[in-house]
Amino acid sequence: MKEKKFTEVFNRYNCLVRKLVISRTGDWMLAEEICQQVFLSYFEWMDKIEDELIQPWLLLTAKNLIRDNFRKQQVRRNTQSMEDMSDVAIVCDDNAERIIKHVADTMLTERILSELYERRKEWYDVVVDVCILEMSYEEAAKHLGVTMEVLRARLFRARKYIRKKYGKEYKET
């Protein structure tokens, strides 16, 4: 019985979930992997999900997995960047001040992003898309499923919050 219901849900929503993931990542292989994770998770939780909430649950799970993937990629880039910087340090000892500033900036960025994620996830999403992933406002609005006005308002509020919370520390970077 459980397998039959799962098959029905999979056949009904597979294309929708895949389309969402591909539109947000642009990567077919990653979309396949995330879709598998979404439906595996659904299979584990399907007895606890009401029928009218299946579609929103699947889409929210997909969005969360996409976000997790972007975070993992960012961590990998930061780690690679730090490894690259350590190579520079070996070549040029007089770069120590610049390396220290880079490390401090990276740590501040991670603190700010972590704080934004906890405070207002919508602000975090906008800041990651526009400032970290360097999407245009149009791309970010489409990616997040909001209007340009909403995107700009969220970005304005997030920046205002960051300036207020981190003040001088933020201005120096």
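Since we're looking at a predicted model, the values are computed, not measured.
- Using a 4.5 Å cut-off on side-chain heavy atoms (C-beta onward), R119 and Y124 make no contact.
- Neither V127 nor F156 shares a network with the other; the hydrophobic side chains, linked directly or stepwise wherever heavy atoms of I, L, V, M, F, W or Y lie under 4.5 Å apart, form separate groups for each.
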Using distance only, find each side-chain donor-acceptor pair of residues 12-35 under 3.5 Å and give its atom names and separation, not counting sequence neighbours.
from	atom 1	to	atom 2	distance (Å)
N14	OD1	R18	NH1	3.2
R18	NE	E32	OE2	2.6
R18	NH2	E32	OE1	3.1
R18	NH2	E32	OE2	3.1
S23	OG	K19	O	3.3
S23	OG	L20	O	2.8
R24	NE	H143	O	2.5
R24	NH1	H143	O	3.3
R24	NH2	H143	O	2.9
T25	OG1	V21	O	2.8
T25	OG1	D27	N	3.2
D27	OD1	M29	N	3.0
D27	OD1	L30	N	3.1

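- Atoms NZ and OG1, on K142 and T147 in that order, are 15.5 Å from each other to the nearest 0.5 Å.
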Subject >> Candidate pair K160 and K164, rule side-chain contact (heavy atoms from CB on, under 4.5 Å), full reasoning >> reply: CA-CA 6 Å; K160 184 177 175 182; K164 183 178 178 184; 5.7 Å; no
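- Not a single donor-acceptor pair under 3.5 Å links the side chain of N69 to the backbone N or O of L65.
- Relative orientation of the F10 and F6 rings is parallel, given thresholds of 30° and 60° on the angle between their planes.
- Dense packing is recorded around NZ of K2, with more than 12 heavy atoms of other residues, nucleotides or ligands lying under 6.0 Å away.
- Looking at every heavy atom in both residues, V130 comes nearest to A140 through CG2-CB, 3.9 Å.
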Would you be so kind as to tabulate the donor-acceptor pairs closer than 3.5 Å made by side chains of residues 43-61, with sequence neighbours excluded?
from	atom 1	to	atom 2	distance (Å)
D51	OD1	K5	NZ	3.0
T61	OG1	W57	O	2.7

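- To the nearest 0.5 Å, atom CG of residue N64 and atom CZ of residue R71 are 8.0 Å apart.
- Counting only heavy atoms from C-beta outward, the side chains of Y117 and R67 approach each other to under 4.5 Å.
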Original post:
For V146 and R154, what are the C-alpha separation, side-chain angles and deciding distance, and is it a side-chain contact (heavy atoms from CB on, under 4.5 Å)?
Top reply: CA-CA 10 Å; V146 298; R154 288 179 181 172; 3.5 Å; yes
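- E115 and Y161 are linked by a side-chain donor-acceptor pair at a separation below 3.5 angstrom, with hydrogens and angles left out of the test.
- With sequence neighbours left out, K121 forms a salt bridge (charged side-chain N to carboxylate O under 4.0 Å, His left out) with D125.
- Within the model, atoms CD of Q37 and CG of L40 stand 8.0 Å from one another, a figure rounded to the nearest 0.5 Å.
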